[in-house]
Amino acid sequence: MKLLKIGSGNTCNIVLHSPYVSALHAEMVLMDNGDIFIEDKSTNGTFIGQQRLRPNVETKVQRGDLIKLGDVELPWNQVPVLKTRGFKSIYNIGSSMRNELQLTSQFASRYHATLYIDQQDKATLVDNGSRNGTEVNGTRIPKDRPVPIKRGDIVVCGDEDITEMLKPLLPAGAAWLKPVGIGVAAVAVIAAGAFAAKSMLGGGEPEQPVQPVAVVDTAAQATSPMQAAPSSAASMDDYRSGVVYVTAKYKLTFKFDPPVFTDAVWSQLYNEGNRGEIPLSESLNYGSQYSATAFFIDNEGRMATNRHVGAPWTSLDQATAQNALGVWGRAMTQIRKVRNANDYNYNENLTGDAGVIWKLILLQASQNGNPSATALNGLIDQFKGAQPKLSGYIESIMVGFPGRNYTHVDEYDRCYVVKVATDEDTDLAILQMNTKKLPESVKHVFDVSSFYTDAIQPNQTELTWIGYPRGNNYNLDNSTLEPNIRQTKCSRNPTGRIFEFDSEVLGGASGSPVFDAKTGQLYGVIFGGRVGSTSYSAACQAKYLKKLYEDL
């Protein structure tokens, strides 16, 4: 697969020179089977023949169709033909759900790269002009050029290490080499952005920010409550039963405080939960599916996980936030053009975010009983002066249980977010099963009353963590969900609310419990890691989870 950006902007794959062509006018996706889809992103529209396409909706086209972008015909001679013949296998890699290998890092492009296996079992990797590049063994590969790879090569797309993803796909050859000096110890995979914490190491080479490690799917029958197992009597299988796989979807929104419009106006466009917030345009791909880990902490089906899992919009990196707020600025620019032109009829060119805002303005004016130009100008000025903040809401959140067979996301069990820590340095949240009961299959809960709350000593207690790194890519074996179980130790004196430990964690491990398997005491909750001159992983201390729970 390949994504082509078409427009007047210099960064587009196909550049069209016309004042009626938007900087990003349309996107075209070329499929391996020859199918072609186009999606309008413009102000002046994209047409097939005389029919105008609906904005932000993919439409299937045929090579050679008469397609006009604004007033310019699509030059089909600039649309490449994908080379798909002569290959034994082709694997597409990226954040789009269409890819065989789905990436969940915010730094991954929708169609990031492609792996080709030819008839002679030779593998090549092509970076499809991705935003943040592809590295093989620490060297960034050129765009749109095949690069030979083999087992043992370390491959990173954006910031996501996909070496283990590729391992079963690459032809068998020499034995795998143990990775040395890999540049990624943990991957930020929340679609909206990475959480940047304060540096926890002093001196040496500059460190990269601590990043959350949540990634992507999940189910259990809730029946009778199960008594928490005694702290010293649980087996590893008991512990395993209480650690679940989390899959969720969320949307980013613009939030106004105080609200610019009345509840009556909001209710005409949005449900009760979203009143006062405008969802960002679907075309931005903000808010998508991600996954993480959670574990049971009481008999009423409550589970602990991370703040960036329960409310991912609270952990946006600065670049993502600025880009999203730029949407607001562009929308208001379009609306001001309507005012300046004295055209107060609903304009079909105002689509996407600008179209939504304009509808709200018209609805509010109508409700006020005064849809005059003066009233509309006043509302435009009021809205222009508003300063939106980025917020969001969870569309769905579900859990899956170890040892269960899953064939579809509908088989996962529903839950909801109960509480999220308000302090950004406390990356903790609490979920709860919709049934408000502990599922029958859970043999152990991490009892809040027995959490370890004393000072944690480095390199002393043997600790264990259980989680679902890489989501389905690692943990779904023949449709049976299974977590990773690994041993570790605290590596240095805790700093603030966190402690570091000697174990690399991957995306999807966010929310994993770190505990003493001999006593059952919870020491912390994994939230991320750092790479730089030193690589390590980090967890929030259990005593802060205890406080969050007690404040329910």
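The analysis underlying the following values was restricted to heavy atoms, covering all of them including side chains, and did not include hydrogens, waters or symmetry mates. Worth saying up front: this structure is predicted, and the values here are computed from it rather than measured.
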Worksheet item: Going by an N to O cut-off under 4.0 Å, is there a salt bridge joining Lys60 and Glu58?
Response: no
Practice prompt. For the pair Arg307 (side chain) and Ser315 (backbone), establish whether a donor and an acceptor sit closer than 3.5 Å, ignoring hydrogens and angles.
Written response: no
Discussion item. So, applying side-chain contact (heavy atoms from CB on, under 4.5 Å) with Glu160, which one of Val155, Ile93, Leu103 is it?
Written reply: Leu103
Item to complete: Would you give the length of the straight line joining atom OG of Ser95 to atom CZ of Arg110, rounded to the nearest 0.5 angstrom?
Response: 7.0 Å
Worksheet item: For Met31 and Ile36, what are the C-alpha separation, side-chain angles and deciding distance, and is it a side chain to side chain contact (heavy atoms under 4.5 Å, CB included)?
Response: CA-CA 6 Å; Met31 306 293 290; Ile36 302 174; over 6 Å; no
Practice prompt. Take Thr46 and Arg52 through the side chain to side chain contact (heavy atoms under 4.5 Å, CB included) test and state the conclusion after the steps.
Written response: CA-CA 6 Å; Thr46 300; Arg52 182 170 181 166; over 6 Å; no
Discussion item. Tell me whether Thr314 contacts the main-chain N or O of Ala311 through its side chain, where contact means a donor paired with an acceptor under 3.5 Å.
Written reply: yes
Discussion item. Main chain of Ile397, side chain of Arg414: is a donor-acceptor contact present, judged purely on distance under 3.5 Å?
Written reply: no
Worksheet item: Salt bridge or not for Asp118 and Lys88, using N-O below 4.0 Å?
Response: no
Discussion item. So which atom in Gly158 and which in Val156 form the shortest heavy-atom distance, rounded to 0.1 Å?
Written reply: O-CG1, 3.7 Å
Worksheet, complete the sentence: Closest non-hydrogen contact found for Phe401 with Tyr406 is N-OH, 2.8 Å
Worksheet entry | Exceeds 12 heavy-atom contacts within 6.0 angstrom, atom NZ of Lys122 | no
Discussion item. For the CD atom of Gln51 and the CD1 atom of Ile67, what is their distance to the nearest 0.5 Å?
Written reply: 11.5 Å
Practice prompt. Hey, could you give me the CG/OG distance between Asp427 and Ser510, rounded to the nearest 0.5 Å?
Written response: 7.0 Å
Discussion item. Under the side-chain contact (heavy atoms from CB on, under 4.5 Å) test against Thr163, which residue among Val136, Asp153, Ile154 passes?
Written reply: Ile154
Worksheet item: Side chains of Leu125 and Asp127: closer than 4.5 Å at any heavy-atom pair?
Response: no
Discussion item. Using a 3.5 Å distance criterion without hydrogens, assess whether the side chain of Thr293 forms a donor-acceptor pair with backbone atoms of Gly511.
Written reply: no
Fill in: Donor-acceptor under 3.5 Å (Arg145 side chain, Val126 main chain)
no
Worksheet item: Are more than 12 heavy atoms from other residues, nucleotides or ligands located less than 6.0 Å from atom CD of Gln119?
Response: yes
Worksheet item: What residue among Glu100, Gln102, His112 forms side chain to side chain donor-acceptor pair (under 3.5 Å) with Asn92?
Response: Glu100
Discussion item. Do Met28 and Ile6 have side chains that approach each other closer than 4.5 Å (heavy atoms only, starting at C-beta)?
Written reply: yes
Fill in: Asn132 to Phe107 - nearest heavy-atom pair and separation
ND2-O, 2.9 Å
Worksheet item: Within the distance-only criterion (no hydrogens, no angle test), does the side chain of Tyr20 pair as donor or acceptor with the backbone N or O of Leu69 below 3.5 angstrom?
Response: no
Discussion item. Are more than 12 heavy atoms, taken from residues, nucleotides or ligands other than Arg131, located less than 6.0 Å from that residue's CZ atom?
Written reply: yes
Worksheet item: Is the closest side-chain donor-acceptor distance between Asn128 and Thr114 under 3.5 Å?
Response: yes
Worksheet item: Which distance, rounded to the nearest 0.5 Å, do you find between the OG of Ser130 and the CG of Leu3?
Response: 11.5 Å
Worksheet item: Any side-chain heavy-atom pair from Leu4 and Pro80 closer than 4.5 angstrom?
Response: yes
Worksheet entry | Smallest separation among heavy atoms of Gly7 and Cys12, with atom names | N-SG, 3.5 Å
Discussion item. Under the criterion side chain to side chain contact (heavy atoms under 4.5 Å, CB included), I'd like the reasoning laid out for Leu481 against Arg404: C-alpha separation, chi angles, the key distance, then a yes or no.
Written reply: CA-CA 6 Å; Leu481 200 61; Arg404 298 277 182 97; 5.7 Å; no
Item to complete: Please assess Ile149 against Leu170 for the test side chain to side chain contact (heavy atoms under 4.5 Å, CB included), listing each intermediate value before the final yes or no.
Response: CA-CA 8 Å; Ile149 64 169; Leu170 293 171; 3.8 Å; yes
Item to complete: Kindly indicate whether the side chain of His25, heavy atoms from C-beta on, has any atom under 4.5 Å from the side chain of Asp40.
Response: yes
Discussion item. With rounding to the nearest 0.5 angstrom, report the OG to CG distance, Ser391 to Leu252.
Written reply: 8.5 Å
Practice prompt. Determine whether Tyr91 and Ile117 make a side-chain contact, defined as any pair of heavy atoms from C-beta on separated by less than 4.5 Å.
Written response: yes
Discussion item. Less than 4.5 Å apart, side chain to side chain, heavy atoms only: is that true for Ile394 and Tyr416?
Written reply: no
Item to complete: Looking only at non-hydrogen atoms, find the nearest pair between Ser96 and Tyr111 and report the distance.
Response: OG-OH, 3.4 Å
Response to the item:
Between the CG atom in Leu66 and the CZ atom in Phe47, the distance rounded to the nearest 0.5 Å is 11.5 Å
Worksheet item: So do the side chains of Glu39 and Val57 get within less than 4.5 Å of each other, counting heavy atoms only?
Response: no
Worksheet item: Are Ser42 and Asn44 linked by a side-chain donor-acceptor pair shorter than 3.5 Å?
Response: no
Discussion item. Quick one: does any side-chain atom of Asn99 pair with a main-chain N or O of Leu101 as donor and acceptor, under 3.5 Å?
Written reply: no
Practice prompt. For residues Val79 and Leu30, determine if any side-chain heavy atom of one lies less than 4.5 Å from a side-chain heavy atom of the other.
Written response: yes
Worksheet item: Is there a donor-acceptor pair closer than 3.5 Å between any side-chain N or O of Trp76 and the backbone N or O of Asp65?
Response: yes
Practice prompt. Can you see which heavy atom on Gly152 is nearest to which on Asn137, and at what distance?
Written response: O-OD1, 4.3 Å
Worksheet item: Tell me the side-chain hydrogen bond (donor to acceptor under 3.5 Å, both in side chains) pairs involving residues 1-13, sequence neighbours left out?
Response: Lys2-Asp144, Lys5-Glu27
